[in-house]
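All heavy atoms count here, side chains included; hydrogens, waters and symmetry mates do not. Please read these numbers as outputs of a predicted model, since none were measured by experiment.
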Amino acid sequence: MIYHAFLIKYAEIAIKGKNRYLFEDALVKQMNIALSAVEGDFSVVKEQGRIYVFCPEEYDYEDTVAALKRVFGIVYICPVVIYEDQGFDQMAKDVVSYMQACHPGYAGTFKVYTRRAKKSYPIPSMEVSAKLGGSILDAFPEARVDVHEPALTLSVEIREKIYVYSQAIKGPGGMPVGTNGKAMLLLSGGIDSPVAGYMIAKRGVKIEAVYFHAPPYTSERAKQKVVDLAKLVAKYSGPIRLHVVNFTDIQLYIYDQCPHDELTIIMRRYMMRIAEHFAKKDNCLGLITGESIGQVASQTLQSLAATNEVCTLPVYRPVIGFDKQEIVERAWEIGTYDTSVLPYEDCCTIFVAKHPVTKPNLKVISRSEEKLSEKIQELMDEALRTAEVIEIR
């Protein structure tokens, strides 16, 4: 069966009132971006309260569906066969042919749902549904009509042509990227932060990212791993600007000057300061981390409060209530897990303390940071000045 188009169904967008068109336009934009990676000339059209993707004569069905399944805002993707309007008798033959091609030998329950977008069509929708149902019963004697809980719903839309579909491929849901501002993701080479970026992007937030690199303690492979993770997240979120910060000198100085049980918290606080600098520079409205309560010493409530204390922007932690297995399962779903577990250490794991404090006292942490004097600001300025920016698409 050759599908000529896809009907795109959304959910939350439909309740946006007078602003609904803005969300629809954003969804169309993201669909065009996603489909630009698929060979062929696709046309995304808003038409009478519907969004359709019209396909070229030759295209890769699997690649097209895969691209659409990565567009936030899409709830269902319905492959559509389009027939010429040559009168009702021909429509009935076309619908039976569709059933024979898509559901050969069908013996379950079904109903026909008709929508007359073309109001001049002479037969009412209910009558069209009843007559088409009769034609299907004639062709499929073991099938049964059930208008309340059918196993199969055959949808027929009467426009200038006849649109027929019966499949609904699940999309990712959420909101179109770009409809809810922009935020900065602290991206590491682990499992959690790519999932956090995905989940925030799903709510319509455009994301940028910052990665803290520590050569020679971390290799170029570790950096490439993070770039690869950003590319995987970008398949869903759209283009990402990745800031790569050389954090080595800052880490070594903190390591030399501060109590070792406080290293993780103090380093984390300086990461948040640097991330917030880039976030404000790029007009982001918050920071995103992959922290989950109690997962490691730096993620107790007391530790999270200590890192939050240095930020003026809000910090969003979408996986904060997840356990590790839930995060791993989500990483599998979005395709980041295999890359995240590659054995290339990042700066966080290299400089981890043997016995980190789990309930840091803010006054104690502040006193330790005072020992860093003006030198730490010089190191931060140098890290900001030399940061590399990689455009991920």
Residues that V210 engages under side chain to side chain contact (heavy atoms under 4.5 Å, CB included), provided they are two or more places apart
M184, L186, F212, H243, V245, A275, F278
Check: H4 and V80 side chains under 4.5 Å, non-hydrogen atoms
no
Can you list the residues that meet the salt bridge (charged side-chain N to carboxylate O under 4.0 Å, His left out) rule with R159, with sequence neighbours excluded?
E47, E157
So do T64 and L35 actually touch side chain to side chain, heavy atoms under 4.5 Å?
yes
Side chains of K281 and L384: closer than 4.5 Å at any heavy-atom pair?
no
Quick check on the hydrophobic clustering: are I200 and V177 connected, directly or via other members, by side-chain heavy-atom contacts under 4.5 Å?
no
May I ask you to decide if L379's main-chain N or O and D249's side chain share a donor-acceptor pair within less than 3.5 Å?
no
Sorted by chain and residue number, the salt bridge (charged side-chain N to carboxylate O under 4.0 Å, His left out) partners of K375 (sequence neighbours excluded) come out as none
If hydrophobic clusters are built from ILVMFWY residues whose side chains come within less than 4.5 Å, do I240 and L185 share one?
yes
Would you mind reporting whether Y10 and E24 have side-chain heavy atoms less than 4.5 Å apart?
yes
Determine the minimum heavy-atom distance between A222 and T218, stating which atoms define it.
CB-CB, 4.3 Å
By side chain to side chain contact (heavy atoms under 4.5 Å, CB included) - contacts of K235 (at least two apart)
R70, L232
What pair of heavy atoms forms the shortest contact from L304 to T307, and how long is it?
O-OG1, 3.0 Å
Partner set under salt bridge (charged side-chain N to carboxylate O under 4.0 Å, His left out) for K202, not counting sequence neighbours:
none
Using ring-ring contact (aromatic ring centres under 6.0 Å, His included) as the criterion, list what pairs up with F6, not counting sequence neighbours.
Y61
Do V357 and Y255 share a hydrophobic cluster, counting only Ile, Leu, Val, Met, Phe, Trp and Tyr and linking them when any side-chain heavy atoms are less than 4.5 Å apart?
yes
Please enumerate all residues that pass side chain to side chain contact (heavy atoms under 4.5 Å, CB included) together with K18, with sequence neighbours excluded.
none
Those residues that, when tested against Y337, pass ring-ring contact (aromatic ring centres under 6.0 Å, His included) (two or more places apart):
W332
NZ (K69) with more than 12 external heavy atoms under 6.0 Å
no
Which residue pairs pass the side chain to side chain donor-acceptor pair (under 3.5 Å) test when at least one of the two sits in residues 91-108, sequence neighbours left out?
Q90-D94, Y98-S166, H103-S166
Would the number of heavy atoms belonging to other residues, nucleotides or ligands and lying under 6.0 Å from CG of D41 be above 12?
no
What pairs of donor and acceptor atoms, side-chain ones from residues 135-154 against any protein atom, are under 3.5 angstrom apart with sequence neighbours left out?
| residue | atom | partner | partner atom | Å |
| --- | --- | --- | --- | --- |
| S135 | OG | K131 | O | 3.3 |
| D146 | OD1 | H148 | N | 3.0 |
| D146 | OD1 | E149 | N | 3.1 |

For residues P172 and V71, determine if any side-chain heavy atom of one lies less than 4.5 Å from a side-chain heavy atom of the other.
no
Assess the residue pair E262 and R367 against the criterion (salt bridge (charged side-chain N to carboxylate O under 4.0 Å, His left out)); give the C-alpha distance rounded to whole Å, side-chain angles, the decisive distance to 0.1 Å, and a yes or no.
CA-CA 11 Å; E262 299 173 6; R367 282 198 297 268; over 6 Å; no
Any chance NZ of K46 has more than 12 other-residue heavy atoms, nucleotides or ligands included, within less than 6.0 Å?
yes
Residues 385-393 side chain polar contacts: donor-acceptor under 3.5 Å, at least two apart:
| residue | atom | partner | partner atom | Å |
| --- | --- | --- | --- | --- |
| R385 | NE | E382 | OE1 | 3.2 |
| R385 | NH2 | E382 | OE1 | 3.2 |
| R385 | NH2 | E382 | OE2 | 2.8 |
| T386 | OG1 | E382 | O | 2.8 |
| E388 | OE1 | K223 | NZ | 2.6 |
| E391 | OE2 | R241 | NE | 3.2 |

Please determine, by modelled atom types, if Y3 and Q167 share a side-chain donor-acceptor pair under 3.5 angstrom.
yes
Side-chain heavy-atom pair I376, I254 within 4.5 angstrom cut-off:
yes
Reference residue R268; test salt bridge (charged side-chain N to carboxylate O under 4.0 Å, His left out); the match among E309, E369, E291:
E291
Cut-off 3.5 Å, no hydrogens considered: what does the side-chain donor-acceptor table look like for residues 113-125, sequence neighbours left out?
| residue | atom | partner | partner atom | Å |
| --- | --- | --- | --- | --- |
| T114 | OG1 | S129 | OG | 2.8 |
| R116 | NH1 | Y121 | O | 2.8 |
| K119 | NZ | R116 | O | 2.9 |

When you look at V38 and Y59, which way does the side chain to side chain contact (heavy atoms under 4.5 Å, CB included) test go after all the steps?
CA-CA 8 Å; V38 182; Y59 70 100; 5.7 Å; no
Would you say CE of M126 has more than 12 non-hydrogen atoms from neighbouring residues, nucleotides or ligands within 6.0 angstrom?
no
Using a 4.5 Å cut-off on heavy atoms from C-beta on, say whether the side chain of K280 contacts that of E276.
yes
Under 6.0 Å from the six-membered ring centre of F23 and within 45° of its axis: does the NZ or CZ of R20 meet both?
no
Should we say atom OH of Y83 is surrounded by more than 12 heavy atoms from elsewhere, each under 6.0 Å from it?
yes
Y236 reachable from V53 in the ILVMFWY side-chain graph, under 4.5 Å edges
no
Check P194 against I334 and note the closest heavy-atom contact, atom names and distance.
O-CD1, 4.3 Å
Over 12 foreign heavy atoms within 6.0 Å of CD, Q325
yes
Return yes when atom NZ of K29 has more than 12 non-hydrogen atoms of other residues, nucleotides or ligands closer than 6.0 Å, and no otherwise.
no
